[in-house]
Amino acid sequence: MLAVWGMAIGVKAQYVKKSDLPAIYLETFDGNDISSKEVYKYCRLHYVDEEGTVTHYDSVSIRGRGNSTWKLSKKPYRIKFLSKEKFLGKGYAKTKKWTLLANAADKTMIRNAVTSAMGEFCADLHEEGADKSLPFNPAAKFVDLSLNGAYQGTYQISDQIDVRAHRVNITEQNVPLATDDDITGGYLLEVDGFRDGKWFATSTYNSPVRIHYPDDEEIVERQTTYIKNHVNKFEKALASNDFTDPEKGYRAYVDTASLVDWYICTEVTANIDGFYSTYFYKERGDDRLFWGPLWDYDIAYNNDERVKSEQNLNSSVNSLMVDIAYSGSREWVRRMWEDPWFQEKVYTRYKQLLDAGMVDYMQQKVDSLQALLSKSQALNYAKWGINKKTYHEMVLYSSYDQYVSDLKTFITEHCAYLERAFADRKPTPPFVPDDFFYHIVNAKTKKSIDVSGSSVMQNATDNNRASEDWYMRSVGDGKFLILNRSNDMALNDPTPGTSTATTNVGTRLNIVEADEEDARQQWEFLPQGTAGYYNLLNVHTQHIANLSGGSSDNGASILSYTNDSRNGESLNRLWYMVPNGKLPEELTGVEAVEPDEYALAYNPVLQILHFGSSQPESLTFTVNVVALSGQQVGSFVANEQFSMAGRPSGIYIVSWKVNGKPRSVKFRK
């Protein structure tokens, strides 16, 4: 029976709002509290909406819910209506079953709601025409709850994770199942460390997979066999030697968009139980497994002291959950991290989310929920206490605002850490020099390759030292000359005699006059690992540039050294490139700076710089010539010639101004 009452037609005065939130009043038929999470009992439910209008629901069933959270003083509940109800209104599910989350382990009480909002942010940021990555995000409607006349605190109405429209909206299978029914979907599954309900252990990783849908009382053996075999196919492909192959490996069995976004959300929330409990589902006629919904985040965002006791960490702010969280689906993700595609995809998608403003969006959501719960949380903690340990809280404060501030700080700092952490796991791409000078920095000492005279060594990185700046000139086939900015001389391996990759090592590198034909001056950049590191491989000797002894001293030599299996491990051999200023535009032959007015040319035979113009009378501006080191060579008026005879070979910069607009080009003598 359903009736809507208004105050003017006799609604009981006790059914009123207690704060700015709607209110729910539950009255069990027997007048007793809810003592079981297995057995329902009947109650009446009175819902007071934002305007104060009361809706009465009769013969509602209620029981406890949760695993460890059911043992807490502030209990979570599940309610079930007699018939399907659109309890939260338009845009939400029409169904019998709903949850009342106590969020007792989360002093902010908003971690689940913020995570659901993040899922929506990810889902909305998708390519045009593509499906949403995380389309099913649980509701978060906050209310003040009373049971049998006793106020219980701030609660969150949320969806039960089940199969239906506005929840996990996949194909529902027939009950009873006909012989010729298609049993390829839908299925709602969970990697469930608690091993509740109907579950099976997978054949490769021994992961406990619970079947949530079809329900325990409706599923038949051939459905169980089908979905078990299908998940095992995914695991077998993931564990295979071909696991990185998009058709033979695990990607043939997963929806990659939902997989990547679910994983990123697990890391953003720092959910230590994110792999212990992982929801995923399968649609009919589709071999892919889809990931989500996001669920159960009350101990996420650095709200679990087990990080301290079991991981020996003061905080999870600078940790990846794939490294420290409890197992379940974690072994799947660890295997995926060995796939360069996954490494690249996680990094690029996370950068896309950051650039789209995800962190600001989450912070704004926190602020709005803090304001919404302002009065209700005060009532809640007057009952339950705000500075008492309830579950696994990492910190205790004396005010609600302090807990919220702690959450916001963690989101900002952890998201910044993840950008670095994902970049470190991103595969090092082939090095393609851009139009920059580069510092070549050692992975161990963070010092740069420098020159003194003709000798090559390391020195403390200094962005103002031209001798630490290098630029690369391609000589084809992925080979480069590495040229020093201060003198335009080339990095060289002078190892004497005939050598192989592992012989005649230890010669100190030097710089010499550039010669593109000399293989001793030709280098390849060999990508190593996932941190943007490279080996510098000399084409002639097949040796690797190595910091002598791994010394941190300024002036330590850079040696021609062994090329072997330790190339990716020894920090002495690993280098990374840091841009340090744009290269000037290079002048090759004749450069038409203003095609209709004038052009600059260099005659290499006569070694003369000069301008040409259809209007010679316009060539009245002053032109400066500067060596790449920054030393002034000379100047001339544009209608004159300038001789480069007697100047050393190298790169020079020519600059001038026309109508107040600066111009510069670079040429090689």
Side-chain angles (χ1 to χ4, degrees), residues 17-26 33-34 64-77 99-117 140-158 269-273 296-309 314-317 362-414:
K17 291 169 57 180
K18 293 180 176 293
S19 70
D20 294 335
L21 300 181
I24 287 179
Y25 293 84
L26 297 171
D33 287 343
I34 294 89
R65 66 167 306 278
N67 289 298
S68 55
T69 54
W70 174 243
K71 302 173 185 177
L72 304 181
S73 297
K74 186 185 178 188
K75 305 289 187 185
Y77 302 109
T99 61
L100 294 171
L101 302 181
N103 291 311
D106 170 17
K107 290 294 198 296
T108 71
M109 299 185 286
I110 64 175
R111 281 173 163 84
N112 278 308
V114 170
T115 303
S116 185
K141 180 83 168 182
F142 288 93
V143 297
D144 293 311
L145 180 69
S146 296
L147 175 62
N148 292 330
Y151 172 70
Q152 299 299 309
T154 308
Y155 275 70
Q156 176 187 337
I157 305 173
S158 191
T269 59
N271 187 7
I272 199 169
D273 278 348
D296 200 10
Y297 286 81
D298 55 337
I299 61 171
Y301 303 95
N302 204 43
N303 190 35
D304 193 327
E305 66 176 358
R306 290 175 294 177
V307 168
K308 288 183 177 180
S309 60
N314 289 326
S315 168
S316 57
V317 67
M362 293 176 69
Q363 299 286 23
Q364 291 166 10
K365 189 67 177 179
V366 171
D367 289 340
S368 65
L369 289 170
Q370 180 184 14
L372 178 67
L373 269 58
S374 176
K375 294 181 180 179
S376 181
Q377 62 83 17
L379 296 174
N380 180 85
Y381 289 115
K383 177 179 179 66
W384 298 111
I386 199 165
N387 60 355
K388 296 191 302 185
K389 194 169 190 62
T390 301
Y391 192 51
H392 292 310
E393 294 96 326
M394 181 77 81
V395 293
L396 292 175
Y397 294 114
S398 59
S399 75
Y400 181 73
D401 289 349
Q402 286 175 298
Y403 286 106
V404 173
S405 177
D406 185 78
L407 171 61
K408 292 184 67 176
T409 298
F410 179 81
I411 290 172
T412 298
E413 294 180 354
H414 187 58

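In this chain, numbering begins with 1 at the start of the sequence shown. Values in this document were obtained by computation on a predicted structure and should not be read as measured data. The figures that follow rest on heavy atoms only: side chains count, while hydrogens, waters and symmetry mates do not.
Within the structure, the salt bridge (Lys or Arg N to Asp or Glu O under 4.0 Å) test picks out the following pairs touching residues 380-393 (sequence neighbours left out): Lys107-Glu393, Glu305-Lys389.
Of all heavy-atom pairs between Gln152 and Ala150, the closest is NE2-O, 3.1 Å. Closest non-hydrogen pair, Tyr297 versus Tyr301, comes out as O-CD1, 4.5 Å. Shown here for Thr154 and Asn380, the closest heavy-atom pair between the two residues is N-OD1, 3.0 Å. Scanning both residues, Ile386 and Ser398, for their nearest heavy atoms gives CG2-O, 3.5 Å.
Without hydrogens or angle criteria, Ser116 side chain to Asn112 main chain gives no donor-acceptor distance under 3.5 Å. Checking side-chain atoms of Ser19 against main-chain N and O of Leu21 turns up a donor-acceptor pair under 3.5 Å. Using modelled atom types, one side-chain atom of Asn303 and one backbone atom of Asp298 make a donor-acceptor pair closer than 3.5 Å. Under a 3.5 Å cut-off, the side chain of Asp406 and the backbone N or O of Phe410 do not form any donor-acceptor pair. Checking side-chain atoms of Ser368 against main-chain N and O of Lys365 turns up a donor-acceptor pair under 3.5 Å.
Counting only heavy atoms from C-beta outward, the side chains of Arg306 and Asp273 approach each other to under 4.5 Å. Side-chain contact check for Leu72 versus Trp384: every heavy-atom pair is 4.5 Å or farther apart. Looking at Leu145 and Leu26, their side chains come closer than 4.5 Å, going by heavy atoms from C-beta outward. Using a 4.5 Å heavy-atom cutoff, the side chains of Trp70 and Arg65 are not in contact. Between Tyr77 and Ile34, the closest side-chain pair of non-hydrogen atoms falls below 4.5 Å. Residues Thr115 and Asn271 form no side-chain contact, since every pair of their non-hydrogen atoms from C-beta on lies 4.5 Å or further apart.
In this structure, NZ on Lys18 lies 4.0 Å from OH on Tyr25, to the nearest 0.5 angstrom. Separation of atoms CD (Gln370) and OG1 (Thr108) is listed at 9.5 Å; rounding is to 0.5 Å.
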key: Candidate pair Glu413 and Thr409, rule side chain to side chain donor-acceptor pair (under 3.5 Å), full reasoning   = CA-CA 6 Å; Glu413 294 180 354; Thr409 298; 5.7 Å; no
key: Asn302 and Ser316: CA distance, side-chain angles, deciding distance, side chain to side chain donor-acceptor pair (under 3.5 Å) verdict   = CA-CA 6 Å; Asn302 204 43; Ser316 57; 2.9 Å; yes
task = Could you check Lys375 against Asp144 for salt bridge (Lys or Arg N to Asp or Glu O under 4.0 Å), going step by step and ending with a plain yes or no?
result = CA-CA 10 Å; Lys375 294 181 180 179; Asp144 293 311; over 6 Å; no
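Tyr381 and Tyr400 have tilted rings, their planes meeting at an angle from 30° to 60° on a 0 to 90° scale.
In this structure, Asn314 places its CG atom where only 12 or fewer heavy-atom neighbours from other residues, nucleotides or ligands lie under 6.0 Å away. For Lys408, the NZ atom counts as densely surrounded, since its 6.0 Å shell holds more than 12 non-hydrogen atoms of other residues, nucleotides or ligands.
By the side-chain contact (heavy atoms from CB on, under 4.5 Å) test, Ser68 is found to be paired with Tyr391, residues two or more places apart in sequence or in another chain being considered.
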